[in-house]
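Numbers here simply count residues along the sequence, with the first being 1.
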Amino acid sequence: MQSVYPVPIATIFQCPATDWFGVSYHFEGCQPHYVLDTHLMLDDALRAADPHNERIWEDPSDADESKLLVSRHFVNGSVEWRLHRMRATGRSTKS
């Protein structure tokens with residue numbers, strides 16, 4: 001089931017000016033509403049963006065070389081996936 005409730009897109013990037021890694025969140029077609037670029041290592045940025053490994057990460061398009069990973073979906077069955085599904089359907093996800 002595809003959620004009709006919008007899932008925030010998470011992007012892990014590297015700041016060209018500092019070489020530090022960061023995380024930004026935005027909804028499709030909107031400007032980022034949260035950006036943090038204070039991580040020295042890629043793993044630190046990934047842990048900050050997805051501390052419970054609930055997102056599906058993919059390689060971004062080649063259009064922006066500063067973007068390293070992009071997540072548009074949650075892992076099926078994860079807490080965030082269940083919350084978005086409940087919001088979309090207006091009911092519990094338990095069978």
Side-chain angles (χ1 to χ4, degrees):
M1 173 184 192
Q2 182 69 26
S3 174
V4 293
Y5 195 83
V7 174
I9 299 170
T11 304
I12 295 183
F13 63 91
Q14 188 169 18
C15 180
T18 63
D19 281 338
W20 287 30
F21 297 94
V23 180
S24 71
Y25 296 94
H26 71 280
F27 290 103
E28 190 71 40
C30 297
Q31 294 293 320
H33 61 271
Y34 178 78
V35 178
L36 178 67
D37 59 350
T38 59
H39 304 287
L40 292 173
M41 297 177 18
L42 177 61
D43 286 344
D44 294 337
L46 188 56
R47 276 194 300 276
D50 190 12
H52 302 289
N53 296 320
E54 294 184 318
R55 288 186 164 272
I56 298 171
W57 293 95
E58 57 194 43
D59 291 329
S61 68
D62 293 335
D64 188 348
E65 293 181 9
S66 67
K67 292 181 183 178
L68 304 175
L69 294 169
V70 175
S71 173
R72 293 177 174 84
H73 308 285
F74 294 111
V75 174
N76 286 349
S78 70
V79 172
E80 289 293 335
W81 177 84
R82 289 174 189 244
L83 288 172
H84 278 80
R85 187 172 170 161
M86 283 180 4
R87 291 177 187 136
T89 61
R91 63 176 197 255
S92 174
T93 60
K94 291 186 177 182
S95 300

Which pair of heavy atoms, one from [X] and one from [Y], lies closest together, and at what distance?
{"X": "Phe74", "Y": "Val7", "result": "CE1-CG1, 3.4 Å"}
{"X": "Pro60", "Y": "Val70", "result": "CB-CG2, 3.6 Å"}
{"X": "Gln31", "Y": "His26", "result": "O-CB, 3.7 Å"}
{"X": "Phe13", "Y": "Leu36", "result": "CZ-O, 4.2 Å"}
{"X": "Pro8", "Y": "Arg55", "result": "O-NH2, 2.9 Å"}

Under a 4.5 Å cut-off applied to non-hydrogen side-chain atoms, are [X] and [Y] in contact?
{"X": "Thr11", "Y": "Leu69", "result": "no"}
{"X": "Leu46", "Y": "Phe21", "result": "no"}
{"X": "Asn53", "Y": "Val75", "result": "no"}
{"X": "Glu54", "Y": "Ser71", "result": "no"}

Inset, instruction - Answer yes or no: is there a donor N or O on one side and an acceptor on the other, between the side chain of Gln14 and the main chain of Asp19, under 3.5 Å? - result: yes

Legend entry - Asp37 side chain to Cys15 backbone, donor-acceptor under 3.5 Å: no

Legend entry - Worked verdict on Arg47 versus His39 for side-chain contact (heavy atoms from CB on, under 4.5 Å): CA-CA 10 Å; Arg47 276 194 300 276; His39 304 287; over 6 Å; no

Legend entry - Spacing of Asn76 atom CG and Ile56 atom CD1 [to the nearest 0.5 Å]: 6.5 Å

Inset, instruction - Anything under 30° is parallel, anything over 60° is perpendicular, the rest tilted; go ahead and classify Tyr25 against His33. - result: tilted

